[in-house]
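Okay, structure first, notes after.
Proteins come first, then strands; the chains are lettered A, B, ... in the order of their sequence lines, and each starts at number 1.
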Amino acid sequence: MPKLMLDDPDGTLVMLSDSVTGFAGRFPGAKAMRERRGRGGTMDPLIWSAMAEAGWIGLLLPQECGGAGLGLREQTVLSEALGRALIAEPTGAASVFAATLVGGASPGAERSRLAAGMTSGEIIAVPAWTSGAKPMTARSVNGSILLSGEMRFVDAARAATDFLVVARSADGVILLSVAADAPGLAISERAGVDGGALATISFSDCAVPADRVLSRANRCEDLLRRAILHTRLALAAELTGVASKALELTIAYTSDRVQFGKPIASFQAIQHRLVDMWIEADFAAAAVVNAVDALQAKDDDAAELAVLAAKARAGEAAFSICRRAVHLHGAMGYTDECDIGLYLKRAINLNAMLGQPEQLRLEFVERESGYGRGRT
Amino acid sequence: MPKLMLDDPDGTLVMLSDSVTGFAGRFPGAKAMRERRGRGGTMDPLIWSAMAEAGWIGLLLPQECGGAGLGLREQTVLSEALGRALIAEPTGAASVFAATLVGGASPGAERSRLAAGMTSGEIIAVPAWTSGAKPMTARSVNGSILLSGEMRFVDAARAATDFLVVARSADGVILLSVAADAPGLAISERAGVDGGALATISFSDCAVPADRVLSRANRCEDLLRRAILHTRLALAAELTGVASKALELTIAYTSDRVQFGKPIASFQAIQHRLVDMWIEADFAAAAVVNAVDALQAKDDDAAELAVLAAKARAGEAAFSICRRAVHLHGAMGYTDECDIGLYLKRAINLNAMLGQPEQLRLEFVERESGYGRGRT
Amino acid sequence: MAPDWNEVPDEEFRSVFRTWVDQNCPAHLRYMRKQRPLFNEVAEWYHALAAKGWLAPTWPRQYGGMGLSAAKHMIYVEEWGRLGCPRIPDHGIGLVGPLLIQYGTEEQKAHYLPCILSGEHVWCQGYSEPNAGSDLASLRTSAELDGDVFVVNGQKIWTTLAHCANWIFVLVRTERDAKVRQKGITVLLLDLTSPGVRVRPIENLRGETDFCEVFFDNVRVPLKNLVGKIHEGWTVAKSVLGHERIFLGAPTRPEYALERLRRLAEARGAFEDPAFLSRFARLRLDLYDLGSAFERYAKVLRAGGELGADVSALKIFTTELYQRITEEMLTVAGEEARFADDLGAGDVDIDAMNLFLDSRAPAIFGGSNEIQRNILAKAVLQLPG
Amino acid sequence: MAPDWNEVPDEEFRSVFRTWVDQNCPAHLRYMRKQRPLFNEVAEWYHALAAKGWLAPTWPRQYGGMGLSAAKHMIYVEEWGRLGCPRIPDHGIGLVGPLLIQYGTEEQKAHYLPCILSGEHVWCQGYSEPNAGSDLASLRTSAELDGDVFVVNGQKIWTTLAHCANWIFVLVRTERDAKVRQKGITVLLLDLTSPGVRVRPIENLRGETDFCEVFFDNVRVPLKNLVGKIHEGWTVAKSVLGHERIFLGAPTRPEYALERLRRLAEARGAFEDPAFLSRFARLRLDLYDLGSAFERYAKVLRAGGELGADVSALKIFTTELYQRITEEMLTVAGEEARFADDLGAGDVDIDAMNLFLDSRAPAIFGGSNEIQRNILAKAVLQLPG
């Protein structure tokens with residue numbers, strides 16, 4: 001089956017991937033997804049702290065602030081394995097995105113507090129950076145910062161201990177952390193397709209101590225850009241895992257399921273469809289590896305393109321493979337009891353996060369050749 | 001196989017369709033296409049006059065000017081049959097388009113001359129109405145009309161005796177006929193994909209007697225609109241014929257061709273592809289019938305929509321069925337000796353004439369709901 | 001007896017029917033989100049139709065039906081859909097009724113038909129089994145004759161709305177070693193309140209329970225509940241579907257979904273994007289042409305003809321179009337495609353995810369699209385082997 | 001003997017190779033419209049390569065080749081493509097050479113290899129027959145041993161460039177009733193100037209003649225022209241393709257076609273249309289990702305590994321992408337898609353129709369994409385049946 005073919009001279013990557021398999025034995029992904037849905041979308045704190053214990057949260061935090069000092073290769077392999085195992089925790093937002101923001105923040109007490117808490121699992125820091133109807137503004141009053149505005153698409157808001165908030169201040173864009181129980185902060189949640197919940201957070205003169213600022217002005221935008229880059233890569237890897245595993249389950253099911261005296265996977269029309277699904281998954285894996293290579297080659301422009309391509313390819317592959325996987329599971333596939341539907345729902349969520357394929361492709365050609373530039 | 005399901009109470013339509021089959025026995029379509037290509041694209045006058053003799057040219061001319069008094073139902077059945085038989089003559093341009101223009105022209109000597117000549121086959125009247133680089137203008141000088149400008153995509157220009165030219169004059173748009181050997185008229189041809197030729201015609205102070213004017217001002221634009229409507233319908237029918245016959249040939253070939261001890265049409269992946277091709281051809285036929293019905297219901301808006309849909313559907317179906325047909329003929333399909341490639345080339349030509357599917361679909365939704373209106 | 005509607009001109013019938021339905025179908029039941037409401041949820045509409053004598057469009061008039069021709073029935077279904085009336089649990093009306101009318105004894109007809117019209121009996125259909133999906137003839141639920149009682153053992157699955165039914169019309173195997181697998185199958189009418197019956201609802205991808213598993217553990221069914229002849233139920237089971245097959249391919253679902261897509265796209269300003277417009281135009285034309293194709297088959301019925309196997313083309317096209325439209329809704333939704341619940345679009349809510357998930361089903365049920373393609377390959381294209 | 005290029009760092013080799021090729025490949029042969037030029041049309045480039053010792057990249061150095069590793073060979077092919085060099089009739093270099101080097105006698109090697117390098121022998125490959133396309137083992141061209149001479153009768157088809165070749169490397173059946181169809185097949189080297197040989201060129205959809213039929217009527221072939229063992233040619237025939245299989249899936253053709261599409265679209269202002277841009281972006285990303293996938297297989301070769309059956313994925317993807325790109329060209333062409341000849345686009349001519357028609361071929365030849373999918377289903381996905 002399609003695999004991420006990354007160089008792994010000392011076997012670290014295989015170990016990492018195997019550790020996820022072991023973890024999934026204790027915390028089966030599909031079961032956890034159904035239970036989370038039953039709780040109205042709230043994360044299971046036990047699972048997250050076990051993930052922290054395994055060293056998976058904040059993997060990208062630099063060693064200097066207590067991180068594992070591991071890089072994007074490791075995160076990619078981890079995310080792919082989590083996708084395969086359907087461990088549908090908010091790894092993209094609360095680990096990859098958050099760690100990139102915190103890791104790139106100005107050194108200081110707040111950064112250290114967050115980094116230490118994230119790796120230990122005591123702090124769940126969730127980025128809130130997509131503006132809603134009311135744009136986020138920050139103004140300084142009496143040494144505090146008053147936040148007002150609205151942020152959308154915030155993952156795991158109920159479990160968060162801190163939000164990493166991007167706001168516009170008189171001095172430009174700032175990044176700061178806000179305690180989840182800060183007064184003037186209201187969370188309103190809606191059900192996510194994969195059983196999680198997505199919140200809109202309203203800030204209304206929410207007061208934050210000034211020492212909570214993590215980064216200021218121009219650095220902020222660059223930090224955000226990098227966080228998006230890393231998260232898109234991680235999502236692409238996770239989607240690749242979802243796609244490969246959905247395909248595997250489908251091959252197993254159709255090889256097992258007998259109709260008209262033969263396994264349905266022995267019918268040529270089904271075989272060719274499975275082959276097409278496999279090619280898509282294979283290409284997704286290759287695109288992810290290409291993105292990892294490009295990021296390591298330190299050519300920013302090339303890396304941006306490669307990540308856009310990987311997220312677009314993996315998202316499209318996962319969504320389309322999972323759709324066909326559900327269909328090939330026949331009536332079983334249409335039931336909630338069968339895990340394959342959960343893969344589809346997970347794929348939809350991750351695919352729609354940080355840009356659907358069409359949007360990413362347009363961004364790619366604009367960035368590469370300027371086509372479409374200046375359109376609204 | 002997909003058929004046009006039109007009411008045929010007195011059997012006229014079947015007779016018409018059968019007469020084409022008989023004709024194709026005397027003038028096999030594929031042979032004629034290859035010969036025409038060998039002649040650099042020039043029509044075979046024998047074939048055209050035999051078609052006129054059969055009563056097929058100018059079918060849409062009203063009885064009052066010597067036409068058969070037959071209608072769009074008959075033209076549709078005829079065009080479908082010509083498509084099936086690959087009788088790749090310029091029926092759309094030199095019969096349907098021309099007859100609608102001439103039939104709708106102001107009664108008079110010139111209209112009668114053209115109508116009589118078209119039905120007898122002595123006159124080949126070819127519309128020239130798509131402006132090239134230089135727009136067509138007409139000005140009156142000494143009782144003559146002087147034409148200047150350039151017209152593109154003119155079918156069968158070498159064989160034409162008269163061109164039906166649309167030009168802008170001081171009094172608005174006029175339609176007039178121009179003798180093909182008029183001084184000041186130059187024909188430059190390029191090879192067409194299906195072995196025909198397409199001309200650009202340059203007029204440079206080309207003098208035409210004033211009595212050659214067929215229609216003036218507002219009536220002209222309406223006439224042109226109707227000619228396009230009728231021709232699109234006829235092309236849709238012809239494309240449906242091309243598609244159905246290409247599918248039939250492919251079913252025959254794959255049922256006959258043995259690989260790995262079985263006819264390749266017995267492999268399920270091939271079967272399902274043939275079924276998808278059949279569905280497309282079936283839908284094309286239904287769309288054409290719907291357009292005929294709509295035109296007969298005399299609701300102009302509904303008829304325009306139905307014809308747009310029919311040409312888009314039939315063009316897409318023919319192009320895509322013929323592509324797959326070539327592929328399913330294997331290496332044979334890639335040779336010029338095998339007729340299937342001629343169907344593909346014919347489909348490309350007819351599909352690209354008077355609007356490709358994408359353009360027609362956009363026109364449909366704009367006309368139906370106003371979407372996209374005002375875009376360039 | 002009811003009037004002979006077939007004597008009434010089409011447009012008059014359409015108008016009479018539409019007016020009455022529009023006045024009598026309760027507003028809160030129109031355009032329901034649920035594709036398959038339970039009996040209780042739509043009971044008032046069911047009883048209203050029954051009282052008017054319009055519950056059973058295709059049954060002969062002497063049994064309390066409307067006796068509609070195929071052409072008139074098309075109008076009935078079209079207006080029903082146009083007015084957004086809910087689907088009612090219709091296995092009694094659509095399957096068991098016609099079955100008994102064709103194969104039932106006089107006693108069976110006299111007993112069961114009125115109970116269907118009154119809503120006393122709510123029927124479900126026990127065909128599929130865990131290992132007999134598209135391959136129906138391989139079913140294993142058995143019935144052994146013990147005196148004048150069949151003893152039924154086994155399991156059915158994908159039994160639509162069994163959890164709100166009290167009777168099941170069930171295919172059982174009465175001969176284990178029949179040489180032809182289609183032989184030795186029998187049709188029984190089985191009271192779901194009998195001892196030994198257990199019904200387990202199955203939740204679907206949308207979180208609803210359209211269908212169930214039904215288990216039979218030594219369930220005793222009187223011999224008089226046999227329909228047709230013993231061992232020859234295959235013919236009975238297969239014969240039930242007549243011209244109704246055309247409705248599997250009706251454009252209803254994609255039509256509804258495209259309208260929702262249009263509303264969503266308008267609210268999101270997507271029509272300003274020519275790339276979306278181009279994709280929308282393709283879907284719109286697919287729907288339009290599906291209408292033309294549907295009309296071609298409807299014409300055959302109106303002319304009194306029979307439908308051939310080619311009608312499968314409609315089923316394939318309509319179900320796959322439905323899927324493509326709902327997939328486009330998720331694209332238009334952008335990041336909002338991450339939500340499970342409905343999306344606001346001006347003054348309406350668009351159930352994009354609900355429709356997307358619902359669109360997975362029709363391509364599977366009623367004979368998967370692969371089976372339909374197999375049928376077309378053999379029966380229409382007459383391909384070898 | 002030639003230098004051992006494998007000792008040279010990749011980038012240095014790339015640079016040396018590129019510089020020399022750029023200086024020595026005649027300008028009028030670059031970016032030829034013809035995919036398969038005849039020997040005469042490219043003879044000067046063939047001889048220049050031979051003189052430099054760079055004609056046979058993969059042959060061992062002792063036979064006059066460059067002895068390139070798979071990794072170095074990839075560079076050779078990449079630069080060749082990047083500089084727009086024409087394809088040369090390469091059956092001698094790519095097939096017959098490696099075959100003789102592996103299975104030939106010393107005498108055969110000494111005689112034939114130099115004749116390939118000098119261009120004296122131009123080879124073609126006689127595999128396919130009218131009833132043995134993808135199903136090669138069912139071939140029927142026969143050879144009967146008459147003393148020390150084989151007498152060959154039968155017919156080959158799709159023999160690329162046979163009309164400009166003077167030798168053919170041919171698969172024949174030497175045992176008629178072999179139980180396993182792959183048995184009883186033999187490989188012969190056959191002089192096309194022998195009496196009884198007739199070559200008939202076949203015109204293709206583009207009006208060119210890439211391939212021919214070759215007829216054998218009692219053609220006498222000396223026993224010494226046998227390659228490997230008699231009756232065991234199947235192994236020989238199958239073994240020839242090594243890592244070169246990766247080039248069937250190289251992005252070269254779609255890359256070229258996309259560049260042409262870009263030029264055409266720019267000249268026509270199509271990039272102003274977001275609907276086109278959306279379709280273009282998909283094609284661009286498909287090509288980009290094909291590059292990533294190609295690299296994944298190239299890495300295996302560079303690391304000294306062997307390619308598995310999974311490399312078929314590249315062949316499928318690249319050939320179908322090539323088709324989709326050229327179809328888009330016809331859409332952009334609008335009404336100009338009716339022309340057979342090239343389309344003006346600023347200062348260049350775009351051969352849209354030529355490319356569209358050419359793109360029909362690769363999905364058929366070299367094992368049709370259906371066969372490739374069958375292979376993947378069995379060998380990679382290990383599906384049953």
Side-chain angles (χ1 to χ4, degrees), chain A residues 1-5 7 247-248 251 254-256 258 262-268 270-291 293-294 305-306 308-310 312-314 316-317 357-366 368-372 375, chain D residues 249 258-259 262 265-266 270-300 302-303 305 308-318 320-321 369-385:
Chain A
M1 279 306 100
K3 283 242 157 197
L4 298 182
M5 310 272 274
D7 286 342
L247 173 58
E248 247 177 74
I251 290 174
T254 53
S255 299
D256 198 46
V258 171
K262 295 201 294 183
I264 57 181
S266 68
F267 291 100
Q268 197 193 26
I270 306 297
Q271 292 194 341
H272 283 199
R273 201 165 332 156
L274 289 167
V275 165
D276 286 337
M277 291 158 73
W278 175 82
I279 292 175
E280 285 176 42
D282 193 45
F283 270 57
V288 169
V289 170
N290 176 63
D293 289 350
L305 292 179
L308 287 168
R313 174 68 50 187
E316 184 106 16
E358 167 84 357
Q359 177 195 334
L360 300 169
R361 287 190 296 259
L362 291 173
E363 206 177 311
F364 182 105
V365 294
E366 178 176 339
E368 186 186 46
S369 318
Y371 295 131
R375 283 192 306 119
Chain D
L258 193 79
E259 192 45 43
R262 186 197 296 269
E266 275 173 356
F271 283 107
E272 304 299 310
D273 170 13
F276 168 74
L277 184 57
S278 161
R279 299 193 301 272
F280 177 83
R282 189 181 283 275
L283 297 170
R284 172 67 191 103
L285 272 284
D286 282 345
L287 178 64
Y288 181 89
D289 293 341
L290 172 60
S292 300
F294 186 80
E295 176 62 18
R296 138 161 153 56
Y297 292 92
K299 260 185 195 165
V300 172
R302 278 201 292 270
D310 52 354
V311 74
S312 284
L314 290 182
K315 199 266 180 183
I316 292 172
F317 197 94
T318 198
E320 295 179 0
L321 175 57
N369 286 8
E370 287 73 25
I371 298 291
Q372 306 288 346
R373 285 189 168 87
N374 287 346
I375 291 172
L376 288 169
K378 299 284 175 247
V380 179
L381 275 64
Q382 305 189 309
L383 300 179

Given heavy-atom pairs under 4.5 angstrom as the criterion, report whether the side chain, backbone, both or neither of [X] touches chain D.
{"X": "A:Val275", "value": "both"}
{"X": "A:Gln268", "value": "side chain"}
{"X": "A:Ala306", "value": "both"}
{"X": "A:Thr254", "value": "neither"}

Problem - From D:Asp286 atom CG to A:Phe283 atom CZ, the distance as rounded to the nearest 0.5 Å - result: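 Between D:Asp286 CG and A:Phe283 CZ, I get 8.5 Å after rounding to 0.5 Å.
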Exercise for the section: Could you tell me the separation between the CG atom of D:Leu383 and the OG atom of A:Ser255, rounded to the nearest 0.5 Å? Expected result: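 One gets 5.5 Å once the value is rounded to the nearest 0.5 Å.
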Practice task
Heavy-atom pairs under 4.5 Å with chain A are the metric here; pick the option from D:Val300, D:Leu290, D:Leu314 that has the most.
Solution key: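 Of D:Val300, D:Leu290, D:Leu314, D:Leu290 has the most heavy-atom pairs under 4.5 Å with chain A.
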Exercise for the section: Return the option, out of D:Ala293, D:Pro384, D:Ala281, with the maximum number of heavy-atom pairs under 4.5 Å with chain A. Expected result: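 Highest number of heavy-atom pairs under 4.5 Å: D:Pro384.
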Identify which part of [X] has an atom lying under 4.5 Å from any heavy atom of chain A, answering side chain, backbone, both or neither.
{"X": "D:Glu370", "value": "both"}
{"X": "D:Phe276", "value": "neither"}
{"X": "D:Arg262", "value": "side chain"}
{"X": "D:Phe280", "value": "side chain"}
{"X": "D:Glu266", "value": "side chain"}

Handout entry: Distance-minimising heavy-atom pair for D:Ala313 and A:Ile279
Key =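 Residues D:Ala313 and A:Ile279, closest heavy atoms: CB-CG1, 3.9 Å.
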Exercise for the section: Return the minimal non-hydrogen interatomic distance between A:Gly372 and D:Leu277, and the atom names on each side. Expected result: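 Residues A:Gly372 and D:Leu277, closest heavy atoms: CA-CD2, 3.6 Å.
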With chain D, which of [options] has the greatest number of heavy-atom pairs at distances under 4.5 Å?
{"options": "A:Leu360, A:Val289, A:Asp276, A:Val288", "value": "A:Asp276"}
{"options": "A:Asn290, A:Asp293, A:Leu247, A:Ile270", "value": "A:Asn290"}
{"options": "A:Ala265, A:Ala291, A:Ala312, A:Pro263", "value": "A:Ala265"}

Using a 4.5 Å cut-off on heavy atoms from C-beta on, say whether the side chain of [Y] contacts that of [X].
{"X": "A:His272", "Y": "D:Leu376", "value": "no"}
{"X": "A:Asp282", "Y": "D:Arg296", "value": "yes"}
{"X": "D:Lys378", "Y": "A:Gln271", "value": "yes"}
{"X": "A:Glu316", "Y": "D:Leu285", "value": "no"}

Practice task
Measure the acute angle between the ring planes of D:Tyr288 and A:Phe364, then classify it against the limits of 30° and 60° as parallel, tilted or perpendicular.
Solution key: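 If you compare the ring of D:Tyr288 with that of A:Phe364, the planes turn out perpendicular.
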Practice task
Check the surroundings of atom NZ in D:Lys299: do more than 12 heavy atoms from other residues, nucleotides or ligands lie under 6.0 Å from it?
Solution key: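 Check passes, neighbour count above 12.
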